[in-house]
Each structure stands twice: as C-alpha cells, then as structure tokens.
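Right, one structure below, let's go through it.
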Amino acid sequence: MKVFIDFTIGANIFLTSSSILHEKEYNILSDIYDILTDTHTHSVKIDSSSSHSYWALRAGAGVGTAIPIGKNKKMSVFFKCSYLYGESC
C-alpha cells in the first residue's frame, strides 16, 4: 500500500436550462367581445425559456492511497480525498 499527496486544479462547468409554458386567460369582458366578434381567442399560450452557463475554477491538495490487487500486484485501486478551494456556484 502506497500513500501519496497531490495537488489538483480544474474547473467545474454548470449548465442550466428552464422552460415555462402557460396559458393566459382573459376576463369575462374579453370573452363577450370574442362571442360578439366571432374571433374565439379565449386564451393565449405563452412560452418562455432561458439557458445559462457558469464555470468555477477549483484547486486544492489531496491525500490518497494506492492498494495493489491481483496475483502479480501490477494493478492498483486508488482512493483519494481532496479539499478543493474555489468559487461556488
């Protein structure tokens, strides 16, 4: 088993997307007007969407261990724990 210390630097990228679809109802006066003029526009569908991306730079130190596995011990399993300091989104 080997213990190691390392330094990591990188970036996190966050992508956000939202969409809203709703119907806007008119009041009774608009309905009466629609009946009288035979236009029949009782409601209107409104569609809105938004997309946003944000990135944050992260860096920090970590400690880990490498545990050899198998008959020849040529492969290893790595476990690493790091504290990355930087911006949060």
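Throughout, numbering of the chain's residues begins at 1 and tracks the sequence.
Placement of I67 and V3 in two distinct hydrophobic clusters is found when ILVMFWY residues are connected by side-chain heavy-atom separations under 4.5 Å, directly or transitively. A continuous path of hydrophobic side-chain contacts links I9 to I13 [ILVMFWY only; heavy atoms under 4.5 Å].
Nearest heavy-atom pair, A61 versus F7, reported as atom, atom and distance to 0.1 Å: N-CD1, 4.2 Å. The shortest heavy-atom contact between L84 and G60 is CD2-N, 3.7 Å.
Qualifying side chain to side chain donor-acceptor pair (under 3.5 Å) partners for S82, counting only residues two or more places apart in sequence or in other chains: none.
When atom types are taken as modelled, the side chain of T65 and the backbone of K2 share a donor-acceptor pair closer than 3.5 angstrom.
In this structure, OG1 in T16 is found 6.5 Å from NE2 in H52, a value given to the nearest 0.5 Å.
When hydrophobic residues (I, L, V, M, F, W, Y) are linked wherever their side-chain heavy atoms come within less than 4.5 Å, the members clustered with F78 are F4.
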